[in-house]
2 protein chains.
Amino acid sequence: MLSEQVYAHLRDAIMRGDFAPGDALKPQDLAKDQGVSLAVVREALVRVVGEGLADRLPNRGFAVPAFSDRRWQEIAEARRTIEPVMLRMAIERGDVDWEARVRAAHHRLARTPAYAQDEGEHYSDAWAEAHRLFHRTLLEGCGNPVLLEVFDRMWTASELARRWSARRTPGRDAVGEHGRLEEAALARDADTAAEVLTRHLTLTAAVLTGRTHDEPAKET
Amino acid sequence: MLSEQVYAHLRDAIMRGDFAPGDALKPQDLAKDQGVSLAVVREALVRVVGEGLADRLPNRGFAVPAFSDRRWQEIAEARRTIEPVMLRMAIERGDVDWEARVRAAHHRLARTPAYAQDEGEHYSDAWAEAHRLFHRTLLEGCGNPVLLEVFDRMWTASELARRWSARRTPGRDAVGEHGRLEEAALARDADTAAEVLTRHLTLTAAVLTGRTHDEPAKET
DNA sequence: ATCCGACCAATAATCGATTATCTTCCCAGC
DNA sequence: GCTGGGAAGATAATCGATTATTGGTCGGAT
C-alpha cells in the first residue's frame with residue numbers, strides 16, 4: 001500500500017515543519033519527489049486534510065494550514081476542557097498496569113533531553129514523542145478509545161501549532177510540572193492532578209500566545 | 001468537484017442505512033452506479049474512512065463498519081463525558097442570539113414528527129436532522145469550534161449506531177426530555193441541564209444495549 | 001478420503017494521459 | 001496611462017487502462 005507510506009511521509013513532513021504555513025502542497029511536485037503517481041499523492045492529501053493537517057481549497061489544491069492565534073487558543077481551550085476530565089477518569093479507573101506504564105513513560109520523558117544541539121532552538125523529535133507518550137499514557141487509564149482518539153486529534157493540532165511557534169522558554173519548569181502530574185495521578189489525587197494538568201496546559205498556551213509565525217512576539 | 005458529491009452521497013447512504021454493517025464498499029460498483037471513475041470514488045471512500053463511517057482493510061478494500069456493542073457503549077460514554085461539560089460552558093457563555101437559536105431549534109424539533117409512516121419503524125430523516133440541530137445548537141453556545149467538531153464526530157458515530165439498532169421505544173418521553181433540557185439551559189441552571197443531558201444520553205445508550213444488528217434483542 | 005499446492009477469476013491499487021479550471025500577463029481600446 | 005478582455009501556461013480534477021494481490025477452487029499426491 002503505497003499511499004500509506006506517502007501519507008506517513010507527508011504527515012511527518014508537515015509535523016516536522018518542513019513546509020511553511022500557507023505553503024501550497026502541489027500534487028505534481030510531491031508525486032515526482034516520491035516517485036509515485038498523482039492518485040496516491042491525492043489519496044494521502046485527502047487523509048491529511050481529514051486530520052486537519054492541511055486545508056483543501058476547491059479547485060485550488062491543498063495547502064499547509066495557517067492557524068490563526070485565535071484558532072490556537074481554541075485548541076488549547078478544548079484541551080483544557082476535555083483532558084482534565086479524562087485524567088479524573090483515568091485516576092479513578094487505572095489499574096496497576098496503567099500505573100507501571102505511567103512510571104515508564106515519565107522515566108523516558110525525564111531522561112530525554114528536550115533540545116538537541118543540532119536542531120537549533122526547537123524541541124527534539126525524540127523529546128516531542130516522549131512528551132506525547134507521557135500525556136497519552138496518563139490518559140489511557142480512562143479506558144475509552146473514543147476519548148483517546150479525541151485526545152490524539154487535539155494533540156496533533158496542538159503540536160503543529162507549537163512546532164511553528166515554540167522556542168526555548170527559559171523560565172519554564174517542564175520537568176517539575178510533569179513530575180508533579182505523575183505523582184498526583186499515581187497517588188490517586190484527582191483534584192490535584194486535574195489542577196496541575198490544567199495549569200500545565202494553560203502555561204503551554206500562554207507561551208504561544210502572540211508568538212505564532214504570522215504575528216511575531218510582541219514587545220509590549 | 002465531483003468527489004465532493006460522491007462523498008456526500010456515500011456518506012448519506014451509509015448514514016441512511018442503505019448498506020448492512022460489514023458490507024463491502026466496492027469501488028467498481030459505486031463508480032458504475034454514480035457514473036464516475038474509480039479515482040473519485042476512492043477519494044470519497046478515503047474521506048469516509050477518515051470520519052469513521054467506513055473501515056479500510058489493506059488490500060481488501062473498504063467496508064461498512066460493524067460496530068460492536070462495546071464500541072457503541074464507548075461512544076455513548078464519551079458523549080456523556082464531554083457533552084455535559086460543553087453544555088455548562090454554553091450556559092455560562094451563551095448570548096441572546098444563542099438563546100433565540102435554541103428556542104428555534106427546539107420548536108422545530110417539537111413540531112417534527114419522529115416517525116413517518118412510510119419509513120417503517122425508523123426515525124424519519126427530518127426528525128433526525130432536527131434532533132441533531134437541537135443538540136448542536138444547545139452546545140454551540142460554548143463558542144469553541146474545536147469542541148463542536150468533536151461533538152460532530154461523536155454525533156455521527158452515535159447516529160450510525162442508532163440507525164442500525166433503534167426502533168420505536170414506546171416508553172420514552174423524548175419530547176419531555178428535550179423540553180426540560182431547553183428550559184434548564186435557558187434558565188441558566190447548569191447543574192440541572194447537565195444532569196438532564198447526562199440522563200438523556202444514558203437512556204439513549206440503554207435503548208441500544210444488546211440490540212445491535214449482530215446481537216439481536218435479548219429476551220431475558 | 002484428506003491435505004497441499006498451483007491455477008484463476010475478482011478486485012484493490014496504481015499509473016499515465018486527458019480534460020477542466022484558475023492565474024497571469026499582454027495588448028487593444030478608451 | 002489606465003482598464004478590461006483574452007490567450008497561454010500552470011495546475012487541479014478526472015478518466016480509462018494496467019499491474020498486483022487476494023480468496024477460492026481444482027487437481028494430484030499421500
Side-chain angles (χ1 to χ4, degrees), chain A residues 1-15 17-67 160 213-214, chain B residues 1-68 160 213-214:
Chain A
M1 193 112 87
L2 264 184
S3 69
E4 180 69 26
Q5 300 171 235
V6 175
Y7 160 74
H9 185 273
L10 189 55
R11 179 196 158 103
D12 289 350
I14 294 175
M15 288 296 286
D18 288 358
F19 305 100
D23 269 11
L25 294 166
K26 303 186 183 181
Q28 303 245 14
D29 297 352
L30 295 170
K32 191 163 8 174
D33 288 351
Q34 309 232 3
V36 296
S37 83
L38 288 178
V40 308
V41 171
R42 185 158 269 274
E43 200 172 300
L45 281 167
V46 169
R47 285 181 66 180
V48 166
V49 169
E51 287 198 35
L53 286 176
D55 289 336
R56 180 169 197 178
L57 316 164
N59 285 325
R60 275 195 210 174
F62 304 85
V64 177
F67 282 0
L160 183 61
H213 69 283
D214 49 5
Chain B
M1 193 111 90
L2 263 183
S3 69
E4 181 68 26
Q5 300 172 237
V6 175
Y7 160 73
H9 185 273
L10 188 56
R11 179 196 158 102
D12 289 349
I14 295 174
M15 288 295 286
R16 189 193 324 282
D18 288 357
F19 304 100
D23 268 11
L25 294 167
K26 303 186 182 179
Q28 302 246 15
D29 298 352
L30 295 170
K32 190 161 12 175
D33 289 350
Q34 309 230 4
V36 296
S37 82
L38 288 178
V40 306
V41 170
R42 185 158 269 274
E43 201 172 300
L45 280 167
V46 169
R47 285 182 66 182
V48 167
V49 169
E51 286 199 37
L53 286 176
D55 288 336
R56 181 169 195 177
L57 317 163
N59 284 325
R60 287 171 64 181
F62 303 85
V64 178
F67 281 0
S68 64
L160 183 61
H213 70 284
D214 49 6

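Keep in mind it's a predicted model, so treat the numbers as computed, not measured. Computed over heavy atoms, backbone and side chain alike; hydrogens, waters and symmetry mates excluded. Here is the naming used below: chain letters follow the sequence lines, and residue numbers restart at 1 for every chain.
Closest approach of B:Ser3 and B:Ala44 over heavy atoms only: O-CB, 4.2 Å. Nearest heavy-atom pair, A:Leu38 versus A:Ala31, reported as atom, atom and distance to 0.1 Å: CD2-CB, 4.0 Å. Scanning both residues, B:Gly52 and B:Phe67, for their nearest heavy atoms gives O-CZ, 4.1 Å. Taking each heavy atom of A:Leu10 and A:Leu45 in turn, the nearest pair found is CD2-CD2, 3.5 Å. Scanning both residues, A:Gly22 and A:Ala63, for their nearest heavy atoms gives O-CB, 4.1 Å.
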### Message
Quick one, A:Val41 with A:Gln34, criterion side-chain contact (heavy atoms from CB on, under 4.5 Å). Give me CA distance, side-chain angles, the key distance, then yes/no.
### Response
CA-CA 9 Å; A:Val41 171; A:Gln34 309 232 3; 5.8 Å; no

### Task
Could you walk me through whether B:Met1 and A:Arg56 pass side-chain contact (heavy atoms from CB on, under 4.5 Å), step by step?
CA-CA 12 Å; B:Met1 193 111 90; A:Arg56 180 169 197 178; 3.6 Å; yes

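Atom CG of A:Asn59 and atom P of C:dA20 are 13 Å apart (whole Å).
With contacts defined as side-chain heavy-atom distances shorter than 4.5 Å, the pair B:Val48/B:Leu25 does not qualify.
When each of A:Arg60 and A:Glu4 is assigned the nucleotide of DNA chain C bearing its nearest heavy atom, the one mapping closer to the 5' terminus is A:Glu4.
Here chain B contacts DNA chain D (any atom closer than 4.0 Å to a heavy atom, that is under 4.0 Å), and the contacts span D:dA13 to D:dG23 from 5' to 3'.
Side-chain nitrogen and oxygen atoms of B:Arg56 include none within less than 4.0 Å of the OP1 or OP2 phosphate oxygen of C:dA12.
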Every protein N/O lying under 3.5 Å from an N/O of nucleotides 7-11 of chain C:
{"unit_1": "C:dT11", "atom_1": "OP1", "unit_2": "B:Lys26", "atom_2": "NZ", "d": "2.9"}

